[in-house]
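Here the structure is laid out as structure tokens; the discussion comes afterwards.
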Amino acid sequence: MLTSTHVPGGPAWLDLGTPDTDAAVAFYGGLFGWEFRSAGPDAGGYGFLLKDGKAAAGLGPLMEEGARPAWTVYFRTEDADDTADAVQRAGGSVRFPPMDVMTAGRMAGFTDPAGAEFAVWQPGDTDGLEAVNAPGSVSWIELYSTDAAAATEFYRKVFGWDTRDMGMGEGLVYTIAGPAGGGEKRMHGGLMQLPEENMQRGSTSEWHPYFEVEDCDAALARAEESGATTVIPAMDAPGVGRLAMVLDPFGAPFAVIKSAGS
């Protein structure tokens with residue numbers, strides 16, 4: 001589960017870019033019990049997804065040319081401009097440069113060397129997510145990468161992450177990551193190499209969230225009934241929990257999990 005929110009290098013925000021905001025609100029509202037609150041008339045259709053009145057994520061229309069429906073993870077930074085420089089020095093690219101979001105904060109969007117998109121958030125009036133780890137909120141983030149080794153090194157350079165490799169059998173390695181100096185008790189996500197057969201089928205590098213649920217199988221069934229496509233059926237991960245991965249009705253990937261011990 002997330003143990004490193006609201007610290008530099010940890011996940012600070014999460015939002016969905018989608019071609020149909022009304023349909024996406026209906027889908028995720030039915031799945032997680034979220035309510036949508038507009039960020040205002042000047043926000044271009046962007047708004048907040050609330051769980052019991054607390055911000056669990058954001059949602060808005062696709063704004064970049066050629067953008068695909070996807071969840072974007074924002075990592076906290078104390079200086080978005082310095083992070084933009086660090087991204088370029090480490091071999092990444094700037095999708096959109098640092099910009100102020102009224103008085104809420106400052107943001108920028110990047111692409112890592114293996115093609116995964118992510119963003120950063122420099123807090124102003126808005127610190128970040130208000131709901132995490134509870135049912136209906138994010139509890140883990142994960143990167144599937146076409147070059148996991150290069151991606152891990154990139155994020156170490158940009159954010160100073162601590163990482164640790166875990167063997168998964170059959171030669172597979174899962175790397176867990178957290179902010180610098182946090183140790184194993186302050187991890188926020190994982191990085192994993194995409195198998196060669198997946199890349200041959202066209203899979204590309206991407207970050208995706210895990211949302212905590214009370215019952216993984218029931219959540220998966222609700223998602224499928226509402227138009228989602230199952231990518232990984234419900235399965236038990238020893239010591240982790242029961243999880244499944246889907247594409248929402250527009251193709252954005254995410255996972256649901258009933259964490260062990262929750």
Using only heavy-atom distances, determine whether the side chains of [X] and [Y] contain a donor-acceptor pair under 3.5 Å.
| X | Y | value |
| --- | --- | --- |
| Arg95 | Thr72 | no |
| Thr77 | Thr83 | yes |
| Asp165 | Thr175 | yes |
| Asn198 | Tyr144 | no |

Atom [atom1] in [X], atom [atom2] in [Y]: separation rounded to 0.5 Å?
| X | Y | atom1 | atom2 | value |
| --- | --- | --- | --- | --- |
| Arg164 | Tyr174 | CZ | OH | 11.5 Å |
| Leu220 | Asp215 | CG | CG | 10.0 Å |
| Leu49 | Arg37 | CG | CZ | 10.5 Å |
| Leu59 | Asp22 | CG | CG | 9.5 Å |

Between [X] and [Y], is any pair of side-chain heavy atoms under 4.5 Å apart?
| X | Y | answer |
| --- | --- | --- |
| Asp81 | Arg106 | yes |
| Val246 | Val256 | no |
| Pro135 | Val213 | no |
| Met245 | Glu142 | yes |
| Met107 | Trp13 | no |
| Met235 | Leu243 | yes |
| Asp217 | Arg242 | yes |
| Trp140 | Met187 | yes |

Handout entry: Side-chain ion pair, Glu225 and Arg222, N-O less than 4.0 Å
Key = no
Single-linkage hydrophobic cluster, 4.5 Å side-chain cutoff, [X] and [Y] together:
| X | Y | answer |
| --- | --- | --- |
| Val73 | Tyr46 | yes |
| Leu62 | Leu14 | no |
| Met192 | Leu247 | yes |
| Met63 | Met99 | no |

Practice task
Could you tell me whether Arg156 atom CZ has more than 12 heavy atoms of other residues or ligands within 6.0 Å of it?
Solution key: yes
Exercise for the section: Check whether more than 12 heavy atoms from other residues, nucleotides or ligands sit under 6.0 Å from atom CD of Glu214, and answer yes or no. Expected result: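 Open: at most 12 neighbouring heavy atoms sit under 6.0 Å from CD of Glu214.
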Problem - Side-chain (Glu212) to main-chain (Ser259) donor-acceptor, under 3.5 angstrom - result: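 Yes, because the side chain of Glu212 sits within donor-acceptor range (under 3.5 Å) of the backbone of Ser259.
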Exercise for the section: Would you confirm whether Trp121, through its side chain, and Thr126, through its main-chain N or O, come within 3.5 Å as a donor-acceptor pair? Expected result: yes
Nearest heavy atoms of [X] and [Y], plus distance in Å:
| X | Y | answer |
| --- | --- | --- |
| Leu143 | Ala151 | CD2-CB, 3.9 Å |
| Ala56 | Leu129 | O-CD2, 3.4 Å |
| Pro69 | Pro19 | CG-CD, 3.7 Å |
| Phe250 | Ala24 | CE1-N, 4.1 Å |
| Ser137 | Asn133 | OG-N, 3.1 Å |
| Gln193 | Thr146 | NE2-O, 3.0 Å |

Problem - Evaluation steps, side-chain contact (heavy atoms from CB on, under 4.5 Å), between Arg68 and Thr204 - result: CA-CA 12 Å; Arg68 296 182 299 176; Thr204 56; 3.3 Å; yes
Practice task
Could you give me the CA-CA distance, side-chain angles and deciding distance for Phe118 and Tyr155, then say whether side-chain contact (heavy atoms from CB on, under 4.5 Å) is met?
Solution key: CA-CA 11 Å; Phe118 68 101; Tyr155 290 103; 3.5 Å; yes
Exercise for the section: Could you walk me through whether Lys157 and Phe159 pass side-chain contact (heavy atoms from CB on, under 4.5 Å), step by step? Expected result: CA-CA 6 Å; Lys157 290 178 179 178; Phe159 296 117; over 6 Å; no
Practice task
Output every pair passing salt bridge (Lys or Arg N to Asp or Glu O under 4.0 Å) with a member in residues 40-62, not counting sequence neighbours, ordered by first then second residue.
Solution key: none
What pairs of donor and acceptor atoms, side-chain ones from residues 28-36 against any protein atom, are under 3.5 angstrom apart with sequence neighbours left out?
from: Tyr28; atom 1: OH; to: Trp71; atom 2: NE1; distance (Å): 3.1
from: Tyr28; atom 1: OH; to: Asp248; atom 2: OD2; distance (Å): 2.8
from: Trp34; atom 1: NE1; to: Gly136; atom 2: O; distance (Å): 2.6

